[in-house]
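Scroll down for the structure; my scribbles are underneath it.
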Amino acid sequence: MGDRRHQRKRDFEVSRGKNEKGDPKMKYVVNESCIGCGLCATTCPEVFSMTDAGVAAAIAEEVAEENRGSAAEARENCPVGAIEEV
């Protein structure tokens, strides 16, 4: 189990600011507390997916405006609070 947690650990450096339209940037990361329930990937598959390790991962890119509502819903409904907005 320790190896699985170690695989999930991620270091992210994300620049803050605005996108080319002047809108605030929105990105998400899934932290190591993910239990792999799949709720986020079901709610917003454009942003979240399940990895081979059985846990969720978020896209590295900024979330498209049309996906922001469902991505926020996935974050709010995560049963362990593993989704962080950066």
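Heavy atoms only: backbone and side chains are in, while hydrogens, waters and symmetry mates are out.
Note that CG of N67 is 11.5 Å distant from CD of E62, once rounded to the nearest 0.5 Å. Going from atom CZ of F48 over to atom OG1 of T42 covers 12.0 Å, rounded to the nearest 0.5 Å. The distance from the SG atom of C44 to the CZ atom of R68 is 11.5 Å, given to the nearest 0.5 Å.
The main-chain N or O of A60 is found under 3.5 Å from a side-chain atom of K27 such that the two form a donor-acceptor pair.
When all heavy atoms are compared, the tightest approach of T43 to S70 is CG2-O, 3.6 Å. The heavy-atom pair separating C40 from I83 by the smallest distance is CB-CD1, 3.6 Å. Here the closest heavy-atom approach between residue T51 and residue A57 is recorded as CG2-CB, 3.7 Å. For the pair I35 and P79, the tightest heavy-atom approach, listed with the atom from each and the gap, is CD1-CG, 4.3 Å. Scanning both residues, C34 and V30, for their nearest heavy atoms gives CB-CG1, 3.7 Å. Taking all atoms of both residues into account, the shortest heavy-atom contact from G38 to M50 is CA-SD, 3.7 Å.
You'll find the side chain of L39 stays beyond 4.5 Å of the side chain of C78, heavy atoms only.
When the side chain to side chain contact (heavy atoms under 4.5 Å, CB included) test is applied to A72, the partners found at least two apart in sequence or on another chain are Y28, E76. Legend: residues meeting side-chain hydrogen bond (donor to acceptor under 3.5 Å, both in side chains) with E73, ordered by chain and number and at least two apart, are absent.
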